[in-house]
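So the structure is just underneath, and the comments pick up after that.
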Amino acid sequence: MNLILLGPPGAGKGTQAETLSAKHGLVQLSTGAMLRAAVKAGTEVGLKAKSIMEKGGLVSDDIVVRIIKDRIAEPDCQGGFILDGFPRTLPQAAALEKMLKSSKKKLDFVIELKVDDKALIERISGRFSCAKCGAGYHDTFKQTKVAGVCDSCGNKEFIRRADDNVETVQNRLLAYYKETSPLIGYYFAKGLLDSVDGMGAIDQVGGSIEKVLAKLD
Ligand code: AP5
Ligand code: MG
């Protein structure tokens, strides 16, 4: 099963992808996480992406398409994947279609997470993640079971994202409405879109996604 999670910054794409990948044995492909790793490693891609990400803009289609194309071709993706944060523009969607077609793969679902703008800001401003394994948390909505200890790997160090500040979030939202939201109509027209209410608690949203995925059985 191959699917896309579509939604604005802070909608819960990464959170839901984490659960879905564990439950269904799918590979989570987060372009945001891949780009952050490139920035940290100081690679050529990282150097190009750094200032754009800090401002909340979109990294060029060429760069992200290349990253995804290489990653999707790897053996672990043959059993299915979840695209989290890709595609983000119409040209990226067209490139994805082309690469899937040439490798005889297809998209099964595009799931849009619908969340109010005010809630997005609240979610982003309380977000933190494990510095070692990347598991995501929230100060209020998804706390660690034991304070200061990662549920997944037991690590005690956590990080907050450099782009999770008010000014950058405004730009990220703007980029979403301008460049990414047209994908909702694009995938609806292709008969692939399912919209899910993303305003409930994390488990509730997960349940709504599972109902959509059950259509495949
Ligand atoms: P990326 O990392 O993809 O960031 P984003 O799209 O802004 O999305 P987020 O990761 O902020 O939100 P999310 O939906 O994953 O929410 P999460 O689950 O963490 O991209 C970063 C940057 O990289 C971009 O700005 C761009 O520069 C670049 N980039 C990436 N991909 C690109 C591409 N394809 N093309 C060009 N540039 C690209 O949840 C947020 C918080 O809320 C968490 O703390 C979580 O615990 C909590 N939460 C989740 N669900 C709920 C719920 N139901 N109720 C309460 N709290 C919840
Ligand atoms: Mg994310």
Side-chain angles (χ1 to χ4, degrees), residues 4-21 28-40 45-46 48-69 71 82-93 95-96 111-130 134-144 151 158-165 167-181 183 196-209:
I4 293 175
L5 290 181
L6 192 62
K13 304 181 294 295
T15 303
Q16 297 300 335
E18 218 177 286
T19 314
L20 286 169
S21 77
Q28 177 182 356
L29 301 176
S30 162
T31 38
M34 292 175 202
L35 289 167
R36 279 187 289 281
V39 170
K40 200 173 167 197
V45 164
K48 282 185 188 151
K50 190 172 187 285
S51 65
I52 300 169
M53 292 173 79
E54 276 168 0
K55 290 190 200 101
L58 292 185
V59 175
S60 80
D61 291 338
D62 282 359
I63 290 181
V64 288
V65 166
R66 208 175 328 128
I67 291 178
I68 284 294
K69 198 173 175 191
R71 189 62 188 87
I82 305 166
L83 287 166
D84 155 18
F86 180 94
R88 254 177 156 95
T89 64
L90 288 167
Q92 288 180 24
L96 175 65
I111 299 176
E112 181 207 2
L113 298 177
K114 288 177 93 75
V115 178
D116 298 349
D117 291 344
K118 219 176 130 195
L120 297 175
I121 309 281
E122 205 182 0
R123 288 183 188 184
I124 285 175
S125 44
R127 169 169 51 194
F128 64 97
S129 61
C130 173
Y137 299 98
H138 190 280
D139 292 329
T140 313
F141 306 125
K142 193 185 173 193
Q143 296 165 333
T144 54
D151 297 352
F158 297 89
I159 45 169
R160 290 185 192 255
R161 273 170 49 178
D163 60 346
D164 280 353
N165 58 74
E167 200 182 312
T168 306
V169 169
Q170 281 170 351
N171 286 336
R172 281 159 60 197
L173 264 177
L174 220 65
Y176 175 78
Y177 287 116
K178 213 171 136 192
E179 305 278 355
T180 311
S181 63
L183 295 179
V196 160
D197 179 6
M199 286 300 291
I202 293 173
D203 289 353
Q204 275 175 323
V205 178
S208 306
I209 295 175

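Just so you know, ligand 1 is whichever comes first in the structure, and atom 1 is the first atom listed for that ligand.
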F128 vs Y137 aromatic rings, parallel, tilted or perpendicular, using cut-offs 30° and 60°?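 Geometry flag for Y137 against F128: parallel rings.
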Looking only at heavy atoms, what is the nearest atom pair of K55 and N171, with distance? O-ND2, 2.9 Å
Heavy atoms only: give me the nearest L20-I82 pair and the separation to one decimal.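 Minimum heavy-atom contact is CB-CD1, 3.5 Å.
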Nearest heavy atom to [atom] wins, so pick from [options].
atom: atom 6 (O) of ligand 1; options: R172, E54, R88; result: R88
atom: atom 50 (N) of ligand 1; options: I202, L113, D139, T89; result: I202
atom: atom 2 (O) of ligand 1; options: R36, K13, E18; result: R36
atom: atom 29 (N) of ligand 1; options: L5, T31, I124, L35; result: L35
atom: atom 48 (N) of ligand 1; options: R161, Q16, R123, M34; result: R123

For [atom], what is the nearest protein heavy atom, given as residue, atom name and distance?
atom: atom 12 (O) of ligand 1; value: G10 N, 2.8 Å
atom: atom 9 (P) of ligand 1; value: R127 NH1, 3.3 Å
atom: atom 49 (C) of ligand 1; value: T15 OG1, 3.4 Å
atom: atom 37 (N) of ligand 1; value: V59 N, 3.0 Å
atom: atom 15 (O) of ligand 1; value: G14 N, 2.9 Å
atom: atom 22 (C) of ligand 1; value: M53 CE, 3.9 Å
atom: atom 44 (O) of ligand 1; value: Y137 O, 2.7 Å
atom: atom 35 (N) of ligand 1; value: Q92 NE2, 2.9 Å

Taking N or O atoms only and a 3.5 Å limit, does [X] qualify as a polar contact for ligand 1?
X: I52; answer: no
X: F141; answer: no
X: G136; answer: no

Which of I68, D84, I63 passes side chain to side chain contact (heavy atoms under 4.5 Å, CB included) with T31? It is I68
At under 4.0 Å between heavy atoms, which part of A175 makes contact with ligand 1: side chain, backbone, both or neither?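 Neither; nothing of A175 gets under 4.0 Å from ligand 1.
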Note: K142-D203 ion pair, threshold 4.0 Å (strictly below):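 Looking at D203 together with K142, the answer is no, because their closest N to O distance does not fall below 4.0 Å.
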Where at least one partner belongs to residues 114-123, residue pairs that pass side chain to side chain donor-acceptor pair (under 3.5 Å), sequence neighbours excluded: D117-Y177
